[in-house]
Engineer: 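Here it is: the structure, laid out below.
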Amino acid sequence: MCRYTRYHKLAPGIRDSAVPGAECLPLWPQVTVFEQEHFQGRCQEFTSECCNIQDCGLDNIRSIRVESGAWVGYEHHDFQGQQFILERGEYPHWDAYSGSLAYHVERLMSLRPIYCASHQSSRMTIYEMENFLGRSVEMCDDYPSLQAMGWMKPEVGSMHVQCGAFVCYQFPGYRGQQYIMECERHSGDFQHWKNWGSHCQTPQIQSIRRIHH
């Protein structure tokens with residue numbers, strides 16, 4: 001079932017700071033998905049999650065325009081399978097959003113916005129072992145190589161996201177399988193690598209970056 005949500009928008013000429021409580025307003029996530037590559041074929045606009053694109057009249061998603069907000073797309077319906085971070089911009093074909101050319105995914109079947117993404121204030125702690133045990137390091141920046149910053153192992157045992165959202169990658173340089181870590185999911189606690197996603201087969205994490213809203 002697909003859900004559509006329109007957020008209140010400010011009147012022309014009124015700045016956010018001029019509206020009481022505007023700092024608490026959502027950032028109106030908006031994405032347009034296309035059935036064919038290079039923004040061709042049937043399309044549909046979303047401002048909230050869709051758990052099965054086929055219920056919305058499309059067979060598949062092969063290209064994407066993210067107008068605002070940050071989103072995560074999934075290989076299968078009901079937010080299952082390989083995850084792909086989708087930040088503001090254009091994705092004309094599958095390898096524009098895939099961090100792994102070895103894992104060939106030419107479709108997305110569900111997607112949802114990441115409401116807690118906050119690039120400037122994202123903060124998380126990674127642990128050497130499961131259940132938040134062993135050596136730990138707090139992270140509040142982008143790290144193209146955990147080994148280069150002194151993390152001795154190619155694996156991460158568990159994570160706690162205090163605020164914001166991160167995308168973790170299997171290999172250095174933001175490549176390989178992607179795992180979206182948010183403070184609003186599992187209360188920010190990912191005590192075992194199997195909590196990272198239904199597609200996760202290994203605790204190997206070698207680069208991490210904050211998600212841009």
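Model, not experiment: these values are computed from the prediction. Residue indices begin at 1 and follow the sequence shown.
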Engineer: Would you say the side chains of Glu67 and Thr32 form a donor-acceptor pair under 3.5 Å?
Structural biologist: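 A donor-acceptor contact under 3.5 Å links the two side chains.
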Engineer: Are Trp196 and Gln83 close enough that some pair of their side-chain heavy atoms sits under 4.5 Å apart?
Structural biologist: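 In short, these two side chains do not touch, never coming nearer than 4.5 Å.
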Engineer: Do Asp142 and Tyr174 have side chains that approach each other closer than 4.5 Å (heavy atoms only, starting at C-beta)?
Structural biologist: yes
Engineer: Does the side chain of Glu35 come within less than 4.5 Å of Asp59's, by heavy atoms?
Structural biologist: yes
Engineer: Is there side-chain contact between Phe79 and Cys51, with heavy atoms separated by less than 4.5 Å?
Structural biologist: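 Phe79 reaches Cys51 side chain to side chain.
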Engineer: Take Asp141 and Arg210 through the test side-chain contact (heavy atoms from CB on, under 4.5 Å) and record every step on the way to the result.
Structural biologist: CA-CA 7 Å; Asp141 207 337; Arg210 298 163 293 172; 3.1 Å; yes
Engineer: Between Ser68 and Gln30 (side chain of the first, backbone of the second, donor and acceptor by atom type, cut-off under 3.5 Å), is there such a pair?
Structural biologist: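 Yes; at least one donor-acceptor contact below 3.5 Å.
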Engineer: Any chance you could measure Ile64, atom CD1, to Phe46, atom CZ, to the nearest 0.5 Å?
Structural biologist: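 That separation rounds to 11.0 Å.
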Engineer: Shortest non-hydrogen contact from Ile114 to Ala165?
Structural biologist: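 So the minimum-distance heavy-atom pair works out to CG2-CB, 3.9 Å.
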Engineer: Could you verify whether a donor N or O on one side chain and an acceptor N or O on the other, from Gln177 and Gln82, lie under 3.5 Å apart?
Structural biologist: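 Their side chains do contain a donor-acceptor pair, which is all the 3.5 Å distance test asks for.
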Engineer: What are the two closest non-hydrogen atoms of Gly81 and Ser198, and how far apart are they?
Structural biologist: N-OG, 2.7 Å
Engineer: Tell me whether Arg42 contacts the main-chain N or O of Gly57 through its side chain, where contact means a donor paired with an acceptor under 3.5 Å.
Structural biologist: yes
Engineer: Can you hop from Trp193 to Val167 via hydrophobic side chains spaced under 4.5 Å?
Structural biologist: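 No, Trp193 and Val167 fall in different hydrophobic clusters.
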Engineer: Please give me the minimum heavy-atom distance between Gln191 and Ser158, naming the atom from each residue.
Structural biologist: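 Looks like O-CB, 3.5 Å.
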Engineer: Treating Ile, Leu, Val, Met, Phe, Trp and Tyr as nodes and any side-chain heavy-atom pair under 4.5 angstrom as an edge, say whether Phe166 and Ile180 lie in one connected cluster.
Structural biologist: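 Phe166 does not cluster with Ile180.
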Engineer: Please report the shortest heavy-atom distance between Met181 and Cys168, naming the atom on each side.
Structural biologist: CG-SG, 3.8 Å
Engineer: Under 3.5 Å, which donor-acceptor pairs link side chains of residues 123-132 to any protein atom two or more places apart or in another chain?
Structural biologist:
{"from": "Thr125", "atom 1": "OG1", "to": "Gln162", "atom 2": "NE2", "distance (Å)": "2.9"}
{"from": "Glu128", "atom 1": "OE1", "to": "Arg135", "atom 2": "N", "distance (Å)": "3.2"}
{"from": "Glu130", "atom 1": "OE2", "to": "His192", "atom 2": "NE2", "distance (Å)": "3.1"}

Engineer: For side-chain contact (heavy atoms from CB on, under 4.5 Å), just list the numbers for Val66 and Trp71, CA-CA rounded to whole Å, side-chain angles, deciding distance to a tenth of an Å, and then say yes or no.
Structural biologist: CA-CA 8 Å; Val66 179; Trp71 297 72; 3.7 Å; yes
Engineer: Between Pro154 and Gln147, what is the shortest heavy-atom contact and its length?
Structural biologist: CA-NE2, 3.4 Å
Engineer: Once you round to the nearest 0.5 Å, how far does OG of Ser98 lie from CD of Glu75?
Structural biologist: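 Here the interatomic distance stands at 10.0 Å.
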Engineer: How many angstroms lie between SG in Cys43 and CG in Leu58, if you round to the nearest 0.5 Å?
Structural biologist: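 It comes to 8.0 Å.
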Engineer: Should we say atom NE2 of His77 is surrounded by more than 12 heavy atoms from elsewhere, each under 6.0 Å from it?
Structural biologist: no
Engineer: Do Cys183 and Cys116 have side chains that get closer than 4.5 Å, going by heavy atoms?
Structural biologist: yes
Engineer: As an exercise, state the distance from OG of Ser187 to CZ of Arg185, rounded to the nearest 0.5 Å.
Structural biologist: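 Atom-to-atom, Ser187:OG and Arg185:CZ are 11.5 Å apart.
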Engineer: Do Met149 and Val137 come close enough that some side-chain heavy atom pair is under 4.5 Å?
Structural biologist: yes
Engineer: Taking all non-hydrogen atoms of both residues into account, name the closest pair between Cys50 and Cys56 and its distance.
Structural biologist: SG-SG, 3.4 Å
Engineer: What's the spacing between Ile205 CD1 and Phe171 CZ if we round to 0.5 Å?
Structural biologist: 10.0 Å
Engineer: Is Phe34 close to Arg65 at the side-chain level, that is, under 4.5 Å between some pair of heavy atoms?
Structural biologist: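 Yes, side chains in contact.
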Engineer: What's in the same ILVMFWY side-chain cluster as Met152, cut-off under 4.5 Å, chained through other members?
Structural biologist: none
Engineer: Compare all side-chain heavy atoms of His38 with those of His93 and state whether any distance is below 4.5 angstrom.
Structural biologist: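 They are in side-chain contact.
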Engineer: In terms of hydrophobic clustering (I, L, V, M, F, W, Y; side-chain heavy atoms under 4.5 Å; direct or indirect links), are Tyr179 and Tyr97 co-clustered?
Structural biologist: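 No.
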Engineer: Closer than 3.5 angstrom, by distance alone: can the side chain of Gln80 be matched with the main-chain N or O of Asp78 as a donor-acceptor pair?
Structural biologist: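 Present.
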Engineer: Verify side-chain contact (heavy atoms from CB on, under 4.5 Å) between Val33 and Ile53, making sure each step is shown before the conclusion.
Structural biologist: CA-CA 10 Å; Val33 301; Ile53 196 67; 4.1 Å; yes
Engineer: Does a donor on one side chain and an acceptor on the other come within less than 3.5 Å for Gln206 and Gln170?
Structural biologist: no
Engineer: Go through the structure and list residues passing salt bridge (Lys or Arg N to Asp or Glu O under 4.0 Å) with Asp189, not counting sequence neighbours.
Structural biologist: none
Engineer: Tell me which one of Glu184, Glu49, Glu182 satisfies salt bridge (charged side-chain N to carboxylate O under 4.0 Å, His left out) with Arg112.
Structural biologist: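 Only one of Glu184, Glu49, Glu182 forms a salt bridge (charged side-chain N to carboxylate O under 4.0 Å, His left out) with Arg112, namely Glu182.
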Engineer: Rounded at 0.5 Å granularity, tell me how far SG in Cys200 sits from CG in Asn195.
Structural biologist: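 Cys200 SG to Asn195 CG: 9.0 Å, rounded to 0.5 Å.
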Engineer: Out of curiosity, does Leu86 fall in the hydrophobic cluster containing Met109 (side-chain heavy atoms, cut-off under 4.5 Å, transitive links)?
Structural biologist: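 In one cluster with Met109: Leu86, yes.
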Engineer: Could you go step by step and tell me if Tyr74 and Leu111 meet the side-chain contact (heavy atoms from CB on, under 4.5 Å) rule?
Structural biologist: CA-CA 6 Å; Tyr74 293 83; Leu111 72 165; 5.7 Å; no
Engineer: Are Met139 and Tyr169 joined in one hydrophobic group, where the rule is that I, L, V, M, F, W and Y side chains link up if heavy atoms are under 4.5 Å apart?
Structural biologist: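 No: no chain of side-chain contacts under 4.5 Å links Met139 to Tyr169.
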